[in-house]
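Read through the structure below, which is laid out as C-alpha cells, and then see the notes.
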Amino acid sequence: MKRANVFILLLAGVLVNGKGMLYVTYLRWQNSYDQPLDFNCPSGQSISRIVSEHDNKHEDRIWEFGCKATLDSATNCFTSSYVNDFDKPFNYQCPSHQVITGMHSYHDNKREDRRWKFTCCGASNFCTDSCQWTNYVNWFDEAFTFNVPPNSYLIAAESYHDNKHEDRRWQYQYCTRRSC
C-alpha cells in the first residue's frame, strides 16, 4: 500500500509539472550560522538568485546563491571594502556598467549583525540600462528568495538592521543590458 501511495505522489508531481518531469530543488548553503560567507560566481557569471534563511537562536542568516552567464570575458573585477558598520544601514552599488558577482560577510555575536563586501565585474562590451529597485524582499526573521528577472543583472544592494529583531531587511537593484 505504501508503494502505491509513493507512486501516486510521484505521478501527481509529474502531472502538475506538465512537462513530464519532476523538479526537486536542493539548497547548498554557502555558510553556516555565525560563520563567514565568501561566495563568488564562476568567471563570466553574475548572481541571479539569492536565498536566505534566518534563525532566531543564532540571530543570523545562512545564504545560498545562483549564478547565470553574463559577461563574455570578465575583466575589471574587484571586491569592495566593507560597506557597513555593524547595526548600520548601507546602500552599495557596483561602478557603472558592472554587476555583482560575489557577496562576502562575517558575523559578530555581540552585535548579532554582519559586515558586508561585494565583488563586482564588468567587461568592455557590457553596459547596463533601465535599472530599477525592488521593494524590500523580506520581513525581519523570515526566509526569502529573490530571483533577478530574466534579461536583467544584479548591480546593487541596500539593507538596514533592526536591533529588536537582530536581523536585516534587503532590497536589490537590477538592470537590463544594452549595446555599448
Side-chain angles (χ1 to χ4, degrees), residues 23 25-31 36-54 60-107 113-162 165 167-180:
Y23 292 100
T25 302
Y26 295 99
L27 295 177
R28 194 179 104 214
W29 299 114
Q30 298 296 320
N31 68 307
L37 168 68
D38 188 29
F39 178 81
N40 282 305
C41 289
S43 181
Q45 297 185 16
S46 66
I47 292 177
S48 62
R49 180 173 189 244
I50 301 172
V51 180
S52 183
E53 192 171 285
H54 184 267
D60 192 22
R61 287 184 169 274
I62 49 178
W63 297 84
E64 190 262 346
F65 301 93
C67 300
K68 66 179 176 181
T70 305
L71 307 165
D72 296 332
S73 59
T75 58
N76 260 355
C77 294
F78 76 98
T79 300
S80 70
S81 302
Y82 286 106
V83 300
N84 69 302
D85 288 323
F86 294 113
D87 300 331
K88 300 294 183 191
F90 70 83
N91 181 324
Y92 180 77
Q93 184 172 4
C94 287
S96 186
H97 308 303
Q98 294 195 355
V99 294
I100 296 178
T101 61
M103 293 176 68
H104 319 275
S105 67
Y106 71 94
H107 185 263
D113 192 19
R114 287 180 172 271
R115 291 189 70 199
W116 287 90
K117 292 181 180 182
F118 295 88
T119 299
C120 299
C121 292
S124 60
N125 65 346
F126 187 93
C127 290
T128 55
D129 195 26
S130 302
C131 300
Q132 55 188 311
W133 281 95
T134 65
N135 293 321
Y136 284 101
V137 298
N138 69 304
W139 292 101
F140 295 115
D141 300 333
E142 291 184 354
F144 72 86
T145 298
F146 169 68
N147 290 300
V148 176
N151 302 314
S152 295
Y153 304 91
L154 185 66
I155 68 151
E158 182 175 297
S159 181
Y160 72 93
H161 185 265
D162 179 83
H165 293 94
D167 193 19
R168 287 186 167 272
R169 290 189 71 196
W170 290 85
Q171 63 184 136
Y172 299 101
Q173 186 180 35
Y174 57 89
C175 305
T176 59
R177 180 179 182 169
R178 69 167 171 84
S179 299
C180 297

Practice task
Let me know which of Glu142, Arg61, Arg168, Glu64 forms a side-chain hydrogen bond (donor to acceptor under 3.5 Å, both in side chains) with Ser52.
Solution key: Arg61
Practice task
Take His97 and Asn76 through the side chain to side chain contact (heavy atoms under 4.5 Å, CB included) test and state the conclusion after the steps.
Solution key: CA-CA 10 Å; His97 308 303; Asn76 260 355; over 6 Å; no
Roughly how far, to the nearest 0.5 Å, is [atom2] of [Y] from [atom1] of [X]?
| X | Y | atom1 | atom2 | value |
| --- | --- | --- | --- | --- |
| Asp72 | Asn125 | CG | CG | 5.0 Å |
| Thr119 | Phe39 | OG1 | CZ | 10.0 Å |
| Tyr92 | Glu158 | OH | CD | 14.5 Å |
| Ile62 | Arg28 | CD1 | CZ | 13.0 Å |

Handout entry: Criterion side chain to side chain contact (heavy atoms under 4.5 Å, CB included) on Ile100 and Tyr153, from CA distance to verdict
Key = CA-CA 8 Å; Ile100 296 178; Tyr153 304 91; over 6 Å; no
Are any non-hydrogen side-chain atoms of [X] and [Y] less than 4.5 angstrom apart?
| X | Y | value |
| --- | --- | --- |
| Met103 | Ile50 | yes |
| Ser46 | Tyr174 | no |
| Cys180 | Ser124 | no |
| Phe78 | Gln98 | yes |

Practice task
Quick one: do Trp116 and Leu37 satisfy side chain to side chain contact (heavy atoms under 4.5 Å, CB included)? Show the steps, please.
Solution key: CA-CA 9 Å; Trp116 287 90; Leu37 168 68; 3.6 Å; yes
Exercise for the section: Decide, yes or no, whether a salt bridge links Asp129 with Arg177 under the criterion of side-chain N to carboxylate O below 4.0 Å. Expected result: no
Exercise for the section: Output yes when Lys88 and Asp113 qualify as a salt bridge under the 4.0 Å nitrogen-oxygen rule, no when they do not. Expected result: no
Identify the heavy atoms of [X] and [Y] that sit nearest to each other, and give their distance.
| X | Y | value |
| --- | --- | --- |
| Lys68 | Pro149 | NZ-O, 3.7 Å |
| Ile47 | Leu154 | O-CB, 3.7 Å |
| Thr70 | Gln45 | OG1-C, 4.0 Å |

Problem - Test log, rule side chain to side chain contact (heavy atoms under 4.5 Å, CB included), inputs His54 and Phe144 - result: CA-CA 9 Å; His54 184 267; Phe144 72 86; over 6 Å; no
Practice task
Hey, can you tell me if Tyr136 and Tyr160 have their rings parallel, tilted or perpendicular (30° and 60° cut-offs)?
Solution key: perpendicular
Distance-only, no hydrogens or angles: does the [X] side chain make a donor-acceptor pair with backbone N or O of [Y] under 3.5 Å?
| X | Y | result |
| --- | --- | --- |
| Ser80 | Phe118 | yes |
| Gln171 | Thr134 | yes |
| Asn40 | His104 | no |
| Arg115 | Asn84 | yes |
| Gln173 | Gln93 | no |
| Asn138 | Trp170 | yes |
| Asn31 | Trp63 | yes |

Exercise for the section: Compare the SG-SG distance of Cys175 and Cys131 against 2.5 Å and report whether it is shorter. Expected result: yes
Exercise for the section: Give a yes/no verdict on a cation-pi contact between Lys117 and Tyr106, requiring under 6.0 Å between NZ or CZ and the six-membered ring centre and an angle within 45° of the axis. Expected result: no
Handout entry: Crowding at CH2, Trp139 (>12 non-hydrogen neighbours, <6.0 Å)
Key = no
Exercise for the section: Start with the C-alpha gap between Tyr82 and Phe90, add the side-chain angles, then the distance that decides, and say whether ring-ring contact (aromatic ring centres under 6.0 Å, His included) holds. Expected result: CA-CA 10 Å; Tyr82 286 106; Phe90 70 83; over 10 Å; no
